[in-house]
Amino acid sequence: MKDESKANTEVLKNMDGVVTVMQAGGQYQVVIGNHVPDVRKDVDSVLGVLEPVVDDGPKGNLFDRFVDMISGIFQPILAPLSAAGMLKGVNAVLAFALGAEFSASSTYAVINAMGDGLFLFLPIFIGYTAMKKFGGSPFLGMMIASSLVYTGFIDGSATATFAESGGLNFFGIPFSIPAAGYGSTVMPIIASTAFAALLEKQLRKIIPDVVKLFLVPFFTALITIPLTFLIIGPIMNVVADGLGNGLLAVQDFNPIIFGAILGFSWQILVMFGMHWALIPFVIIALSQGEPTALLTASGSVSFAQTGAVLAVMLKTKNAKLKELSIPAFISGIFGVTEPAIYGITLPKKKPFWASCAVGAVTGAIAMGLGIQAYQMGGLGIFRYTGQICSL
């Protein structure tokens, strides 16, 4: 929202069907549980399809703006990312159950393509969402990303072809492609679309309207794509590696303490949207085929919250609270804990902090056991299709 003061927050909080209202990280959230798609349809039927208004001005402190940027880029594709991870988990289970014959079959290859395809072409998805977030043309973002995952640049054939003639260069300026290509990468396309969106806005100001339709994307792509190969891509890969190694260093220092801290604070991070700061590094590791334990400690936190709701449901004599607890409990099993947090445990305080304490214990145990995620996986009970214990 451009002006949150115009919202009737107290009226919203007291409406039937509204759990609560949260204002954090530049976001105004009306929490309504699991009925978001249905309510969205009703809103669209009255107001038309609403798209976010791009606000070029600063909003919140630097960290709030960073979290807002990350959530705006990754939130739209998190569901298909989870679905892709679950498909790979299903394939792994089938391969284990049916043996080598299934692993060598075309059925296995098709299911594997279902899961791997999104990760391989991940920059294209991010190219769309990032360009939209930065206020540029989303399909132009996809065009920029498509050049990064062009066949010769992701399978190494382009590097091999020009190796004997002096290597890759653009009008004599040398550049290199990562060994695994830019497929599955995250940071390069985010940085290049941020630059492209800024460039596109400037070009729209100076190019005449009569030729703006095709010359703006032409010059945006002509300038951005070579710069991505020459400068932006290599720099962002170094930055991503450095940040990822930093998180791993904290984790390696003492994984049990790391697990306890993350397990305790995970629900608090989710409430304020700050958990998005970790998501890119998890996606980077998984998309490169590397298992990660960065979110291991958060895996059982939803069940701690669900257990707290179950305790409230069994002990309370308040008929309305008991009625609210039942759908919140069911949602929690599948990893959707907002109805439980905002509607039940947080208002009562003690159940919420008890779930945080249990989250710390289970997080420490999970890290101590060496549990790692091999796929994105789903939420709640579906998360365990992508995790395995290293013992």
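For the atom pair CE (M131) and CD1 (I144), the distance works out to 5.0 Å, reported to the nearest 0.5 Å. Rounding to the nearest 0.5 angstrom, the gap separating the CZ atom in F175 from the OG1 atom in T228 is 11.0 Å. For the atom pair CD1 of I231 and CZ of F195, the computed distance is 9.0 Å after rounding to the nearest 0.5 Å. Here the straight-line distance linking atom CZ of F121 with atom OG of S146 works out to 9.0 Å at 0.5 Å rounding. Here I330 contributes atom CD1 and S325 contributes atom OG; the two are 11.0 Å apart, rounded to the nearest 0.5 Å.
Contact record, I232 with S192: CG2-N, 3.9 Å, taken as the closest heavy-atom pair. Across every non-hydrogen atom of I189 and T193, the tightest pair is O-OG1, 2.7 Å. Of all the heavy atoms in A95 and S103, the pair that sits closest is CB-OG, 3.4 Å. Looking at every heavy atom in both residues, R204 comes nearest to S137 through NH2-OG, 3.8 Å. Taking both residues in full, the closest heavy atoms of I256 and G368 are given as CG1-CA, 4.0 Å, listed atom of the first, atom of the second, then distance. Among all heavy-atom pairs drawn from A357 and F264, the shortest one is N-CD1, 3.9 Å.
Looking at heavy atoms from C-beta onward, Y28 lies in side-chain contact with L12 at the 4.5 angstrom threshold. Residues L321 and K348 form a side-chain contact, since some pair of their non-hydrogen atoms from C-beta on lies under 4.5 Å apart. The closest side-chain heavy-atom distance from I77 to Y128 is not below 4.5 Å. In this structure, V312 and F329 have side chains that are not in contact, with every pair of non-hydrogen atoms separated by 4.5 Å or more. You'll find the side chain of L148 reaches within 4.5 Å of the side chain of F229, heavy atoms only. In this structure, the side chains of F352 and I268 come closer than 4.5 Å at one or more pairs of heavy atoms. Two residues are said to be in side-chain contact when any heavy atoms from C-beta on lie closer than 4.5 Å; F134 and M69 meet this criterion. A 4.5 Å side-chain heavy-atom check between L140 and T224 finds every atom pair outside the cut-off.
Linking ILVMFWY residues whenever their side-chain heavy atoms come closer than 4.5 Å, directly or via other members, places L222 and V211 in the same cluster. Linking Ile, Leu, Val, Met, Phe, Trp and Tyr residues whenever their side-chain heavy atoms come within less than 4.5 Å leaves V358 and I371 in two separate clusters. In the hydrophobic clustering of ILVMFWY residues, with side-chain heavy atoms under 4.5 Å counting as a link, V11 and V46 come out apart. At a threshold of 4.5 Å between side-chain heavy atoms, the hydrophobic network of Ile, Leu, Val, Met, Phe, Trp and Tyr places W353 and L346 in one connected group. Cluster membership check: F218 shares its hydrophobic cluster with I206, using side-chain heavy-atom separations under 4.5 Å among Ile, Leu, Val, Met, Phe, Trp and Tyr.
A donor-acceptor pair under 3.5 Å is formed between the side chain of K322 and the backbone N or O of M313. Put simply, the side chain of N254 gets close to the backbone of I257: a donor and an acceptor are under 3.5 Å apart. Side chain of S300 to backbone of F303: no donor-acceptor contact under 3.5 angstrom is found.
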Start with the C-alpha distance between Y182 and N237, add both sets of side-chain angles, then the distance that settles side chain to side chain contact (heavy atoms under 4.5 Å, CB included), and finish with yes or no.
CA-CA 9 Å; Y182 283 106; N237 276 334; 3.4 Å; yes

Chi angles and distances behind the side chain to side chain contact (heavy atoms under 4.5 Å, CB included) call for T107, L94
CA-CA 10 Å; T107 302; L94 289 175; over 6 Å; no

List the steps, then state whether side chain to side chain contact (heavy atoms under 4.5 Å, CB included) holds for F219 with I207.
CA-CA 10 Å; F219 283 113; I207 293 179; 4.1 Å; yes

Could you go through the side chain to side chain contact (heavy atoms under 4.5 Å, CB included) check for N169 and F162 one step at a time?
CA-CA 9 Å; N169 72 84; F162 298 102; over 6 Å; no

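For the pair K41 and D44, the salt-bridge criterion is not met [side-chain N within less than 4.0 Å of a carboxylate O].
Under the side-chain contact (heavy atoms from CB on, under 4.5 Å) test applied with I190, the options I73, T185, T129 reduce to a single match, I73.
Within 6.0 Å of atom CE in M236, more than 12 heavy atoms from other residues, nucleotides or ligands are found, so the atom counts as buried in its surroundings. Other residues, nucleotides and ligands place more than 12 heavy atoms under 6.0 Å from the CZ atom of F214. Other residues, nucleotides and ligands contribute over 12 non-hydrogen atoms within 6.0 Å of the CG atom of L314.
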